[in-house]
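First the structure, in the form of structure tokens, and then the observations on it.
Computation of the quantities below employed the complete heavy-atom set of this structure, encompassing side-chain atoms and omitting hydrogens, waters and symmetry-equivalent molecules. Indexing begins at 1, ligand by ligand and atom by atom, following the structure's order.
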Amino acid sequence: MKYSIILTTLLVGSFFAANAQNAKPEDTEIWDPIPKAVVPGKVLGDAPSDAIILFDGKGLDQWVDVETQTPAKWLVKGDILTVNKATGNIETKQKFTNYQLHLEWRVPASITGSGQARGNSGVFLASIGKGDAGYELQVLDSYNNKTYVNGMAGSLYKQVIPLANPGRKPGEWNVYDVVWTAPVFNQDGTLKSAARATVFFNGVLVENNFELLGPTQYIGKPSYEGKAHGPSPIKLQAHGDKSEPLSFRNIWVREL
Ligand code: MG
């Protein structure tokens, strides 16, 4: 009896291990329904008086390179910050829990590539480690660029499809306004309450208080298991695709 339990445990265990090993990025891609295109109106983005300015063109004092925790080396020109793919992701020195975030991003007019390899970046609403560890609000050229819809601009990567597609064409500035509610964990590391995100994309609601299933994942299903964390930096992605790097400007946050 005892041995059969052990044998069953081993069999089930190896089944799940094999399953995890065979998992592919495609397994978690969703391609329809395609969110309807919406032409956005003008959006105001000036920082209010109580905002913490994360980037306004006056340098990168608020940011560090994720890998080395040394000063960020993305490119600043005028009031514009451009991704430096050679150096990798950057994150804020300051850690946040619940907040309201504003940022603007632009895909170069001369962008090439397709799908996920066309103007890909991301805003990790809480960075919980190196690389892409965290909760990614996708940044991508989503103007006439077909990809899986749970990975287009305005998606919380591979967790939810945006409610609409108000993306502007390459060369024009897009605006994200986000309300982030951090997850809460119990003393033993189990989840007490999930993270939630509300996202306005060019003034259009695309995520309505969405409850995240865990940190976003490229492969496999998201989960909070073993992922307990406290206040976290906000991280911007230097994606490894070959298309031209995109730019950010006017980034500010209000703690809640
Ligand atoms: Mg991305």
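- The nearest N/O/S atom of E136 to the Mg ion (ligand 1) is OE2.
- When OD1 of N120 and OE1 of Q138 are joined through the Mg ion (ligand 1), the resulting angle is 90° to the nearest 10°.
- For the Mg ion (ligand 1), the N/O/S atoms of Q116 include none lying under 2.8 Å.
- Here Q237 meets the criterion, with an N, O or S atom under 2.8 Å of the Mg ion (ligand 1).
- Between W180 and Y135, the ring centre distance stays below 6.0 Å.
- Transitive grouping of hydrophobic side chains (ILVMFWY, heavy atoms separated by less than 4.5 Å) brings V178 and L212 into a common cluster.
- Note: F201 and Y176 meet the aromatic proximity criterion, with ring centroids under 6.0 Å apart.
- Within the 4.5 Å cutoff, side-chain heavy atoms of L101 are placed close to those of I251.
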